[in-house]
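Counting starts at 1 for both ligands and their atoms, in listed order.
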Amino acid sequence: MNDTPAAQRPPAPAAAHRPPSAAGAPAAPAFADLHLHTLFSDGTFSPEELAGRGARCGLAAMSLTDHDTMEGCPRMALACRDLDIEFVPGAELTAELDGAELHILGYYLDIENPKLQTSLKQFQAVRQNRIHEMVARLNRVRVPLRAETVFAIANCHSPGRPHVGRALVQEGFCSSLDEAFDRFLKKNRPAYVPKFKISALDAIALVHHAGGLASMAHPGLNRSDDVIPALAAAGLDGLECFHSKHTAAMTEYYLDIAARHHLLVTGGSDCHGYSKGKPLIGGTKLPAAYYERLKERHRAGIVNSELKIVK
Ligand code: AMP
Ligand code: FE
Ligand code: FE
Ligand code: ZN
């Protein structure tokens, strides 16, 4: 969480930072959720279930941003098309800068871009090897979990710590996912294994190479506001100001930072389905005007115009 006390935060942004109002008659407010996970990484919903829930929440646009994979995007695109929801193909890349972990969201990525495909496969291989390493460490502290159990639960190419946690709960070694993280999986716990991370600057370059726009995910969770100027200078396109773990004050704070660095504003719930309690979809809504700005920037064609956006 953000350590900055409310009193030290910059004042609320001026009107210029607000979303532009639509011309013409007032329409019903429209919202987007541009940060969502499915069972292709550590979420619990299928793309179809996720799109259906988005429709029930009244979302006008959704992006799928699974960790280090776009495998759910083709199905999500079809499901969204059927529900008259605009879809943005995306991914959430685990990256680092100056030793600090941060997540880069890629939007409008060309899923067929060879370099992106190769990179995602590498990130997935790192994740799979890491599962073996985590299980070995658990075995060393006399927790006889088997890697096969984790892979069966994950049933995807991009497994992560939540899958190890679910396996620990399923096999009766822990009573909850939180306990699994607290006892074994968090940093400085016996089964924690650091993961290779692409540099954030390389992640931004990769997103651009694949025709996409790059946004820094949940800055309020990473306590790394000081890296934003460097990322902006390196071509970062957006900042995830709206996020389920951001308070209203944090959102205002990051809207101000986005405005100062001429960054697009993105946002989403970061819903993982039932992975971490109740589904978060619908709880965090990006006003559609910010989404429209992102779409316009993409349409203006920064890099690659052959992008797979349905609608
Ligand atoms: P990984 O990418 O394998 O390091 O795992 C990171 C994932 O674990 C992210 O989706 C986090 O939201 C999730 N995570 C972190 N802490 C917890 C926790 N205490 N309970 C459940 N999920 C968590
Ligand atoms: Fe996750
Ligand atoms: Fe994240
Ligand atoms: Zn996420």
Side-chain angles (χ1 to χ4, degrees), residues 1-2 32-47 50 53-54 62-73 76 88-97 100-107 109 120 123-124 126-128 130-131 134 150 153-167 177-178 180-181 185-187 192 195 197-198 200 203-204 207 214-225 227-228 231 236 238-246 250 254 266-284 286:
M1 281 298 171
N2 192 308
D33 189 334
L34 303 181
H35 192 155
L36 295 159
H37 298 268
T38 65
L39 35 70
F40 282 93
S41 65
D42 56 0
T44 65
F45 292 140
S46 68
L50 191 61
R53 288 196 176 241
M62 299 171 82
S63 180
L64 180 55
T65 54
D66 270 319
H67 298 285
D68 297 328
T69 181
M70 294 185 73
E71 290 163 288
C73 285
M76 185 81 177
V88 180
E92 181 174 20
L93 307 179
T94 309
E96 62 88 24
L97 193 63
E101 176 167 329
L102 55 98
H103 295 177
I104 297 292
L105 296 159
Y107 292 121
L109 295 167
L120 292 177
F123 303 152
Q124 291 162 20
V126 166
R127 284 177 168 275
Q128 290 162 22
R130 182 172 173 245
I131 298 293
M134 281 193 277
V150 180
I153 285 175
N155 193 29
C156 71
H157 295 123
S158 203
R161 282 183 290 164
H163 298 115
V164 181
R166 284 181 216 166
L177 197 60
D178 274 342
F181 269 86
L185 303 174
K186 278 200 312 201
K187 203 166 181 179
Y192 177 77
K195 182 172 56 185
K197 301 172 194 83
I198 185 175
I204 293 168
V207 167
S215 181
M216 181 182 172
H218 42 65
L221 300 192
N222 295 103
R223 303 183 190 177
S224 48
D225 297 355
V227 303
I228 295 173
L231 295 179
L236 185 74
L239 191 65
E240 189 176 52
C241 301
F242 293 81
H243 185 272
S244 47
K245 294 255 165 60
H246 285 179
M250 285 159 79
Y254 286 112
T266 71
S269 63
D270 206 354
C271 178
H272 285 70
Y274 287 103
S275 180
K276 303 177 202 167
K278 274 201 317 191
L280 296 169
I281 187 168
T284 304
L286 178 73

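- Of the charged side-chain nitrogens involved, at least one lies within less than 4.0 Å of a carboxylate oxygen, so that Arg127 and Asp68 count as a salt-bridged pair.
- In this structure, NE2 of His272 and OD2 of Asp42 enclose an angle of 110° at the Fe ion (ligand 2), rounded to 10°.
- One N or O on the side chain of Ser215 and one on the backbone of Leu239 form a donor-acceptor pair closer than 3.5 Å.
- With sequence neighbours left out, Ser275 forms a side-chain hydrogen bond (donor to acceptor under 3.5 Å, both in side chains) with Arg166.
- Test Leu109, Asp66, Thr69, Leu93 against Leu120 for side-chain contact (heavy atoms from CB on, under 4.5 Å) and you get one pass: Leu93.
- Protein atoms of type N, O or S found under 2.8 Å from the Fe ion (ligand 3) total 3.
- Asp178 places no side-chain N or O within donor-acceptor distance of the main-chain N or O of Ala180, the cut-off being under 3.5 Å.
- Side chains of His246 and Glu240: a donor-acceptor N/O pair is absent below 3.5 angstrom, by distance only.
- Aromatic rings from Tyr274 and Phe45 are positioned such that their centres are separated by under 6.0 Å.
- Applying the side-chain hydrogen bond (donor to acceptor under 3.5 Å, both in side chains) rule to Gln128 yields no partners; only residues at least two apart in sequence or on another chain are considered.
- Protein atoms that are N, O or S and lie under 2.8 Å from the Zn ion (ligand 4) are these: His35 NE2, His37 NE2, Glu92 OE1, Asp270 OD1.
- Between Thr65 and His103, every side-chain heavy-atom pair lies at or beyond the 4.5 Å cut-off.
- The closest donor-acceptor contact from the side chain of His163 to the backbone of Ser41 lies under 3.5 Å.
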